[in-house]
Amino acid sequence: MPQQHATTAATHDEHDHKPHGWRRWVFATNHKDIGTMYLILSGTMFFVGGMFAEGIRAELFKPGLQFFDPQFFNTLTTLHGLIMIFGVIMPAFVGLANWMIPMQVGAPDMALPRLNNFSFWILPFAFTLLLSSLFVPGGAPAGGWTMYPPLILQTGASFPMLIFSVHLMGMSSILGAINVIVTIMNLRAPSMTLLRMPLFVWSWLITAYLLIAVMPVLAGAVTMLLTDHFFGTTFFTAAGGGDPVMFQHIFWFFGHPEVYIMILPAFGIISEIIPTFSRKPLFGYEAMVYAIASIAFLSFIVWAHHMFTVGMPLAAQLFFMLTTMLIAVPTGVKVFNWVATMWKGSLSFEPPMLFALAFVFLFTIGGFSGLMLAMVPADYQYQDTYFVVAHFHYVLVTGALFSIMAAIYYWLPKWTGHMYDLKLGTWHFWLSAIFVNVLFFPQHFLGLAGMPRRIPDYAVQFTDWNMVSSIGAFGFGLAQFLFLYLIIQCVRGGARTGNRAWEGAHGLEWELSSPPPFHSWTDPPGEALVARGAAH
Amino acid sequence: MTIRERLASLASGAPAALLALPARASGWGELNMPRGVTDISRKIYDLHMTIFWVCVVIGVVVFGVMIWSMVSFRKSRGAVADVTLVHNTKVEIVWTVIPVIILIAMAVPAARVLVEIEDTTRSALTIKVTGFQWGWQYDYLDDGVMYYSHLDRASNAARELLSGIDPTTVPHYLLNVDHPLVVPVDTKVRLLITGADVIHSWWLPDFGVKKDAIPGFINEAWFKVDADKPGLYRGQCAELCGRDHGFMPIVVDARPKAEFDAWLKSTAAEQKQAAPAQATAAPAAPAPASAAATMPGAG
Amino acid sequence: MTDAHAPDTGHYYVPHHSPYPILGSVALFTVMWGAVVYLNDWSGLWSLIPGAVLLALLFFLWFATVIGENQQGIYNLQVDRSFRMGMMWFIFSEVMFFAAFFGALFYARVLSVPWLGGHGVKIFTNYVLWPHFEGLWPSNGPGHVGGRADGTFNVMAPFGIPALNTLILLTSGLTVTIAHHALRGGRRAMLALFLALTFLLGFTFVGLQIHEYGEAYRTLGLRLSTGVYGSTFFMLTGFHGLHVTIGAIMLTVIWLRVIKGHFSPNRHFAFEAVSWYWHFVDVVWLFLFVFVYWL
Ligand code: HEA
Ligand code: HEA
Ligand code: CUA
Ligand SMILES: [Cu+2]
């Protein structure tokens with residue numbers, strides 16, 4: 001790979017002079033600025049989606065309808081799901097990718113800076129479109145984030161808004177993913193060989209591939225919904241030779257890889273943090289890489305485990321049960337490697353490590369429930385109950401979301417050059433970790449006892465655990481204000497940190513100053529630096 | 001009540017509720033899947049418990065090692081990292097192979113049960129079940145008996161937004177219907193499940209049956225209630241189907257064979273006379289909702 | 001890559017800042033809002049115009065800038081490589097978009113229609129709900145949705161114009177390759193000629209498709225609403241036709257640039273990108289011809 005130098009423009013004189021005022025953000029081409037915007041968007045959406053969730057929990061606090069009309073409750077659920085997945089987790093990961101990948105591979109910026117900003121700015125408009133559907137006749141979509149026909153076709157004026165906002169989110173993700181792949185494949189420092197890349201970079205390389213592979217499929221699926229609704233096609237209508245279940249197949253062909261899109265970067269993050277705070281290189285680096293790859297591969301052939309009750313042929317059910325169970329193996333390898341990394345380490349428990357450890361515990365629990373769901377006969381009892389809700393919140397909230405919080409706690413000093421209030425961070429951790437379990441653990445019981453998901457009201461025997469769950473929800477929600485406060489405080493100021501904010505931190509990002517220069521690696525790091533960074 | 005009042009009640013409700021909870025036993029005990037009253041439901045329960053304990057054991061091992069490291073390898077305790085410990089082919093093979101074995105060991109019994117569940121042949125009674133927005137239609141194909149099943153009146157009144165009726169005073173709140181599905185015990189009953197408008201899902205936990213009701217397609221399911229377990233069994237629609245998805249329960253009235261036959265005869269007779277009347281008074285004939293307008297050839 | 005070993009010309013270009021991304025987002029939003037307004041009958045088709053204009057303008061400005069920068073020679077080989085990779089992955093995403101619709105086609109042919117006809121596992125579906133439906137392909141379903149007044153319809157004969165179209169596209173694939181060789185060899189006249197041939201063939205294809213659609217609607221009773229056959233047929237061929245149109249337009253732009261003397265024998269990313277795109281469109285058509293028209 002040829003040597004490279006970055007220039008902010010055709011000419012050199014503008015080195016490190018950055019645009020100021022609103023232009024800096026709106027016209028941004030700098031990977032850090034764009035990363036920051038992604039993270040702010042994610043935080044805002046987290047608040048919005050969280051408020052929907054609190055609405056859900058408030059209504060479910062006790063039996064009987066207290067606050068919402070059932071239709072609006074379904075809207076809350078639907079928007080909560082869509083916002084949290086497309087508006088919180090994915091943008092947060094893309095934001096982290098923007099911030100860290102160029103720094104970690106020794107690049108000046110993302111490979112296609114304008115495209116990068118385009119991928120970002122599409123999103124605020126996408127969510128404006130989606131959320132403004134709350135105000136049109138017929139109300140916002142209420143068919144669940146899975147948008148199953150025929151139900152979703154009963155949506156009122158907000159139907160096309162839903163479809164187009166999904167299209168926009170898809171475009172954004174695809175363009176963003178292309179940028180990530182190109183940056184990794186083309187802008188690595190000459191001596192940064194593939195097997196020297198940090199695992200966060202590896203996990204994102206594979207995630208980006210998944211994104212490009214499945215986002216267009218989702219776009220296709222919702223396009224068929226659109227034409228079925230407005231142009232008389234019958235993809236999903238039996239009378240015309242179609243099949244409502246066909247949508248579910250296409251959707252989940254996207255949907256399952258999607259859930260791994262939301263966990264692979266998390267794996268990458270955890271694989272960065274645990275070695276740092278164990279002061280010990282990651283155990284089984286290559287195994288970790290192959291594990292991610294095989295998870296990604298398997299994720300394409302397990303989709304129908306979301307559809308065991310739709311009446312598939314026996315053979316199909318058996319096939320999807322087996323492939324689904326297989327995913328436990330590479331995932332297990334990752335868990336075991338993290339544990340082995342801690343073994344004989346020298347551990348300390350700063351907030352990033354606390355969240356990483358909670359991730360390993362709680363994600364594993366979510367994985368176990370996932371495995372239970374994979375057993376077809378048992379799934380007949382679990383499917384569409386709160387057991388499923390508990391499963392995916394353990395993998396999504398204490399998995400994906402906790403990994404994002406861990407990442408922010410890990411890299412915030414690098415980004416701002418300030419060390420945040422560790423005590424406050426520890427408080428935030430314990431409050432979150434305790435309340436999140438109060439919130440979601442009882443949902444296992446509710447599901448097993450027979451409470452279906454997506455219902456605004458329930459039989460009285462479900463009262464107690466719902467109250468507990470709701471109390472957990474309020475607590476967890478409030479705890480996040482600490483997080484918000486801590487972040488703002490840290491951005492504003494605080495004790496200066498050196499380049500290497502954490503004693504045991506490895507990787508190129510720690511060789512740069514904190515905060516790093518506007519153009520991360522104007523000259524690619526040499527062999528020595530790269531070797532020192534490569535933690536194995 | 002104004003929103004503020006409601007929120008207030010919520011706020012005061014939280015602690016109050018917690019204190020009051022043990023008093024009114026409304027669910028602390030509801031922790032696990034019912035064993036149910038059919039052979040299949042019990043087999044499913046056993047699968048569920050086995051995989052559960054498998055996970056518990058693995059969890060104990062994994063978490064055990066983790067906690068051990070967290071306790072004994074702390075920097076604060078002067079632990080020094082062994083930076084050479086980065087790779088060990090032997091253990092890596094072990095912890096890849098063992099899970100594979102466990103999983104296969106779990107998949108085999110699961111597959112067996114599944115094969116049994118999927119075998120709907122040799123059934124003595126066939127009932128067509130049609131889910132619609134929002135209720136169920138039961139059609140005894142061979143006996144010319146057909147009727148609709150809706151959420152019962154008491155629940156329906158209490159579930160209105162701010163109805164002021166305390167759900168705990170309503171018998172079987174949200175789990176009661178006007179006309180339950182009547183079936184004989186100790187008989188293999190086959191259900192032909194379909195949907196009239198959108199997808200619903202017929203779920204009866206105690207029978208271990210859950211099958212989606214897909215418009216335009218028929219899914220089969222079956223159950224055989226233990227001879228000694230007649231009674232009322234309750235479930236709910238298990239696929240989001242619109243506004244009242246939470247309000248279309250399923251109740252099955254399993255009766256001794258003789259009783260059932262008597263019931264079937266009399267009902268068949270009634271419905272024959274009532275035929276003309278019914279045609280006009282058909283309550284919630286599956287009304288293809290607004291979507292039909294947008295879906296060519298639907299309904 | 002053709003020019004991987006050519007000498008490098010300096011710095012990885014990071015544009016200073018750019019108004020186009022935000023403009024692009026606004027344009028997209030306007031287009032989609034227009035579509036929402038139109039589809040909800042809040043107003044007529046014209047509601048699509050503002051967005052369309054904005055988008056067209058945006059593309060023009062953005063590409064103009066990039067081309068300008070390129071002509072100034074700001075881009076080194078590494079930037080060039082980034083563009084290439086970007087284009088390849090973009091095409092891959094397009095492939096997956098078509099995959100979704102092919103998936104729908106196969107699902108309908110292999111599963112849903114036979115099931116409705118009582119084949120395979122769902123006997124009762126046919127027996128109880130759709131008696132006397134055979135479930136043979138092509139089909140507009142047991143409800144005989146769409147089609148002529150009596151619910152019948154005919155499919156397009158593969159070995160008429162569709163076959164001709166196949167020939168046209170294959171030839172165009174050839175001509176664009178010849179043009180590429182001409183460019184490499186520095187034979188500009190030949191380059192211009194064969195490039196022109198290529199997009200002319202492209203537009204001819206589109207013309208013939210439009211004619212075919214007319215036939216289908218008027219005489220064959222084959223419409224978008226003709227059951228799942230019509231749905232898959234028109235969505236697949238329609239999206240393909242759209243891509244051919246876009247491709248042909250891009251070829252035209254490239255041709256104009258050739259006339260203006262752009263592109264050097266070993267630095268012509270835009271040309272290659274467009275020709276890759278064209279080959280992709282070509283391959284998709286082959287699948288269409290085999291699985292939609294022929295088999
Ligand atoms: C981050 C997202 C994420 C992740 C990582 C997972 C991971 C898994 N999921 Fe989950 N899932 C969701 C998000 C996710 N899921 C969502 C959002 C839904 C609901 C969608 C909706 O309907 O709205 C869902 C639903 C869902 C269903 C459908 C339930 C239903 O609707 O009926 C199933 C069924 O098989 C399933 C299975 C699994 C499995 C087997 C894994 C595996 O990958 C887990 C593997 C991990 C482990 C097993 C733990 C660690 C392993 C070891 C310690 C090794 C040793 C262990 C053993 C050998 C047992 N998931
Ligand atoms: C990653 C995704 C994600 C996340 C994070 C969450 C978070 C939460 N979820 Fe959600 N959930 C889903 C994804 C997610 N969920 C999905 C996909 C569904 C299925 C939807 C469907 O069925 O269609 C679902 C469904 C779902 C249900 C079932 C609804 C139903 O079936 O009817 C419930 C019920 O309790 C629930 C609750 C919650 C709660 C209480 C939280 C809480 O953790 C939320 C707490 C957060 C807050 C209250 C916000 C606080 C934020 C701030 C104070 C600002 C901080 C700002 C910065 C840090 C910058 N969720
Ligand atoms: Cu019917 Cu849900
Ligand atoms: Cu899945």
Side-chain angles (χ1 to χ4, degrees), chain A residues 2 4-10 14 19 23 26-29 108-109 111-115 117-118 121-122 125 129 157 160-161 164 167-168 174 178 181-182 185-187 212-217 219-221 224 227 230-235 238-243 246 249-250 253 313 519, chain C residues 8 10-22 24-26 28-29 32-33 35-36 39-40 69 72 74 76-78 81-82 85-86 89-90 92-94 96-97 99-101 103-104 107-108 111-113 116 120-121 139-143 145-146 224-225 227-231 235:
Chain A
Q4 66 199 224
H5 310 278
T7 68
T8 55
E14 292 184 89
R23 274 189 196 72
V26 176
F27 295 165
T29 50
D109 203 302
L112 304 160
R114 292 196 195 90
L115 198 65
N117 199 27
F118 192 31
W121 275 108
I122 289 175
F125 290 96
L129 192 58
M161 302 165 88
F164 291 136
H167 277 137
L168 286 175
I174 292 168
I178 290 175
I181 293 190
V182 176
M185 296 315 285
N186 193 33
L187 262 59
I212 301 177
V214 298
M215 276 298 170
V217 176
M224 292 180 215
T227 54
F230 289 109
F231 304 111
T233 58
T234 55
F235 288 104
D243 181 352
M246 185 208 290
H249 280 288
I250 304 173
F253 181 85
H519 294 282
Chain C
D8 190 359
H11 316 291
Y12 195 90
Y13 174 62
V14 179
H16 195 204
H17 56 286
S18 161
Y20 300 134
I22 184 76
S25 314
V26 173
L28 279 177
F29 182 75
M32 293 191 162
W33 186 255
V36 170
L39 289 171
N40 283 332
E69 288 170 350
Q72 291 175 43
I74 301 172
N76 64 9
L77 291 179
Q78 202 178 9
R81 203 151 44 234
S82 293
M85 291 184 177
W89 286 102
F90 171 71
F92 174 57
S93 76
E94 291 269 42
M96 291 311 290
F97 182 75
F101 289 90
Y107 187 94
L111 297 175
S112 64
V113 168
L116 291 162
V121 291
S139 165
N140 57 346
V145 176
L224 187 57
S225 58
V228 76
Y229 186 90
S231 308
M235 291 301 272

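Chain letters run A, B, ... following the sequence lines, proteins first, then strands; residues in each count from 1. If you're wondering where the values come from, they're calculated on a predicted model, not measured in any experiment.
- Within the 4.5 Å cutoff, side-chain heavy atoms of C/Asn40 are placed close to those of A/Phe230.
- For C/Val113, the parts sitting under 4.5 Å from any heavy atom of chain A are the backbone and the side chain alike.
- Only the side chain of C/Leu116 comes within contact range of chain A, with heavy atoms under 4.5 Å apart.
- Across A/Ala28, A/Pro160, A/Gly241, the residue that shares the most heavy-atom pairs under 4.5 angstrom with chain C is A/Gly241.
- Looking only at side-chain heavy atoms (C-beta outward), C/Leu28 and A/Phe118 come within less than 4.5 Å of each other.
- Residue contact with chain A, scored on non-hydrogen atoms closer than 4.5 Å, involves the backbone and the side chain of C/Met32 alike.
- In this structure, the side-chain contact (heavy atoms from CB on, under 4.5 Å) partners of C/Ala104, at least two apart in sequence or on a different chain, are A/Met224, A/Phe235, A/Met246, A/Ile250.
- A 4.5 Å side-chain heavy-atom check between A/Phe231 and C/Leu39 finds at least one atom pair inside the cut-off.
- When all heavy atoms of A/Asp243 and C/Tyr107 are compared, the closest pair comes out as OD2-OH, 2.8 Å.
- Contact tally against chain C (heavy-atom pairs below 4.5 Å) for A/Ala221, A/Ala219, A/Ala213, A/Pro313: the top residue is A/Ala213.
- Heavy atoms of A/Ile174 lying under 4.5 Å from chain C belong exclusively to its side chain.
- Interface residue C/Glu69: only side-chain heavy atoms are found under 4.5 Å from chain A.
- Of the listed residues C/Ser25, C/Ala35, C/Ala100, C/Gly120, the one with more heavy-atom pairs under 4.5 angstrom with chain A than any other is C/Ser25.
- With C/Ser18 contributing its side chain and A/Arg114 its backbone, the two residues share no donor-acceptor pair below 3.5 Å.
- Annotation: maximal heavy-atom pairing with chain A below 4.5 Å, among C/Ala108, C/Gly146, C/Gly141, C/Gly230, occurs at C/Gly141.
- Using a 4.5 Å cut-off between heavy atoms, A/Ile181 touches chain C through its side chain atoms alone.
- With sequence neighbours left out, C/Ser82 forms a side-chain contact (heavy atoms from CB on, under 4.5 Å) with A/Ala111, A/Leu112, A/Val182, A/Asn186, A/Leu187, C/Tyr12.
- No donor-acceptor distance shorter than 3.5 angstrom exists from the side chain of C/Ser93 to the backbone of A/Ile212, with no hydrogens or angles considered.
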